[in-house]
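One structure below.
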Amino acid sequence: MIQIAIAGSSDNEPLPKAVKKTKEFIEELAKHKDKVVLLTGGRGGIMEIASREFVKFGGVVVGVLPERQEGNEFNTIRIKTGMDFAERSAIMINSADVLVVLGGGIGTMVEALMAYDYSKPLVVVTDTGYPSDRLELLAQDGYFDHKKLVKVHFTKDAKEAARLALELAR
């Protein structure tokens, strides 16, 4: 199985552009639901929308939760880490074959940088309206720093992000 993790805002009312792109991403990813497990932070906002949509298409969602939270109702499997948010993110990213950023703030951007630091393939969906769109400014040559640990892929097209994630995870 391919384990694709997503990072996204936990806002109760996520930005409309990010919601639209999340649904498009999941619609494309769901075409491969028999060989993909979706890993999320298991909570609300973009994570809940992605989880709901993937489950609707028959996919399996693993929510890697901070502390002892229950998370959203669409987690097929809940892993209650008992850890804080950053520690939980480390577990999710280390378990993933690739991380896809679907739009968010500081937590989402930390996860993107963490994936880069762990040399995990990384796809960032841009034009979501969230601060994570600006990650592209940090990677003008395709990398976040001089170490060039892993190329960072940016796209405005959420369906392309799903295709890239599948390709990079192999």
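When every heavy atom of Ala161 is checked against every heavy atom of Val100, the shortest pair comes out as CB-CG1, 4.5 Å. Annotation for Glu111 and Ser89: closest pair OE2-OG, 2.6 Å, computed over non-hydrogen atoms. In terms of heavy-atom proximity, Ala115 sits nearest to Leu99 at CB-CD2, 3.7 Å. Of all non-hydrogen atoms in Ile6 and Phe25, the two that sit nearest each other are CG2-CE2, 3.8 Å. Smallest separation of non-hydrogen atoms from Ala112 and Phe144: O-CE1, 4.1 Å. Annotation for Val64 and Ile91: closest pair CG1-CG2, 3.9 Å, computed over non-hydrogen atoms.
In the hydrophobic clustering of this structure, Ile77 groups with Ile93; members are Ile, Leu, Val, Met, Phe, Trp, Tyr whose side-chain heavy atoms approach within less than 4.5 Å, directly or through other members. Leu39 and Val110 fall within the same hydrophobic cluster, defined by Ile, Leu, Val, Met, Phe, Trp and Tyr side-chain heavy atoms under 4.5 Å apart, directly or through other members. Hydrophobic clustering of Ile, Leu, Val, Met, Phe, Trp and Tyr side chains at less than 4.5 Å, counting indirect connections, unites Ile2 with Leu164. Both Val152 and Leu113 are assigned to one and the same hydrophobic cluster, defined by single-linkage of ILVMFWY side chains at heavy-atom distances under 4.5 Å.
Annotation for Asp141: atom CG counts as buried by contact number, over 12 foreign heavy atoms lying within 6.0 Å.
Here side chain to side chain donor-acceptor pair (under 3.5 Å) pairs that include residues 35-47, with residues two or more places apart or in two chains, are Arg43-Gln69. Applying the side chain to side chain donor-acceptor pair (under 3.5 Å) rule to pairs touching residues 113-124 yields Tyr116-Asp145, sequence neighbours excluded.
Side chains of Ile4 and Leu166 form a contact here, defined as non-hydrogen atoms less than 4.5 Å apart. Considering only heavy atoms from C-beta on, Val55 comes within 4.5 Å of Thr76 through its side chain. Residues Arg78 and Leu65 form a side-chain contact, since some pair of their non-hydrogen atoms from C-beta on lies under 4.5 Å apart. Residues Leu168 and Val123 form a side-chain contact, since some pair of their non-hydrogen atoms from C-beta on lies under 4.5 Å apart. Between Ile79 and Val62 there is a side-chain heavy-atom pair separated by less than 4.5 Å. At least one side-chain heavy atom of Leu38 sits less than 4.5 Å from a side-chain heavy atom of Ile26. Taking 4.5 Å as the limit, every side-chain heavy atom of Leu29 sits out of range of all side-chain heavy atoms of Phe57. A 4.5 Å side-chain heavy-atom check between Leu15 and Tyr130 finds at least one atom pair inside the cut-off.
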Practice task
Check the pair Glu67, Phe85 against side chain to side chain contact (heavy atoms under 4.5 Å, CB included), reporting the backbone distance first and the verdict last.
Solution key: CA-CA 8 Å; Glu67 301 157 348; Phe85 288 82; 4.0 Å; yes

Practice task
For Met1 and Val36, run side chain to side chain contact (heavy atoms under 4.5 Å, CB included): C-alpha distance rounded to whole Å, both residues' side-chain angles, the deciding distance at 0.1 Å, then the answer.
Solution key: CA-CA 6 Å; Met1 291 296 270; Val36 171; 5.8 Å; no

Exercise for the section: Start with the C-alpha distance between Glu73 and Arg52, add both sets of side-chain angles, then the distance that settles salt bridge (charged side-chain N to carboxylate O under 4.0 Å, His left out), and finish with yes or no. Expected result: CA-CA 8 Å; Glu73 65 183 290; Arg52 180 187 67 225; over 6 Å; no

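Rounding to the nearest 0.5 angstrom, the gap separating the NZ atom in Lys80 from the CZ atom in Arg88 is 14.5 Å. A distance of 8.5 Å separates CG of Leu137 from CZ of Phe154, quoted to the nearest 0.5 Å. Annotation: the span from Ser10 atom OG to Ile46 atom CD1 amounts to 10.0 Å, rounded to 0.5 Å. The OG1 atom of Thr22 sits 11.0 Å away from the NZ atom of Lys20 when rounded to the nearest 0.5 Å. Interatomic distance, CZ of Arg68 versus CE of Met83, reported as 10.5 Å (0.5 Å rounding). Distance check, rounded to the nearest 0.5 Å: NE2 of His153 to CD of Glu160 gives 10.5 Å.
Between the side chain of Asn75 and the backbone N or O of Gly42, at least one donor-acceptor pair lies under 3.5 Å.
Between the side chains of Gln3 and Ser95, not a single donor N or O lies within less than 3.5 Å of an accepting N or O. For the residue pair Asp133 and Thr126, no side-chain donor N or O sits within less than 3.5 Å of a side-chain acceptor on the partner. Asp11 and Ser9 form a side-chain donor-acceptor contact under 3.5 Å, judged by distance and modelled atom types alone.
Checking Val124, Val101, Leu135 one by one against Met109, the side chain to side chain contact (heavy atoms under 4.5 Å, CB included) holds for a single residue, Leu135. Of the residues listed (Arg163, Lys21, Lys33), the one engaging Glu28 in a salt bridge (Lys or Arg N to Asp or Glu O under 4.0 Å) is Arg163, and it is the only one.
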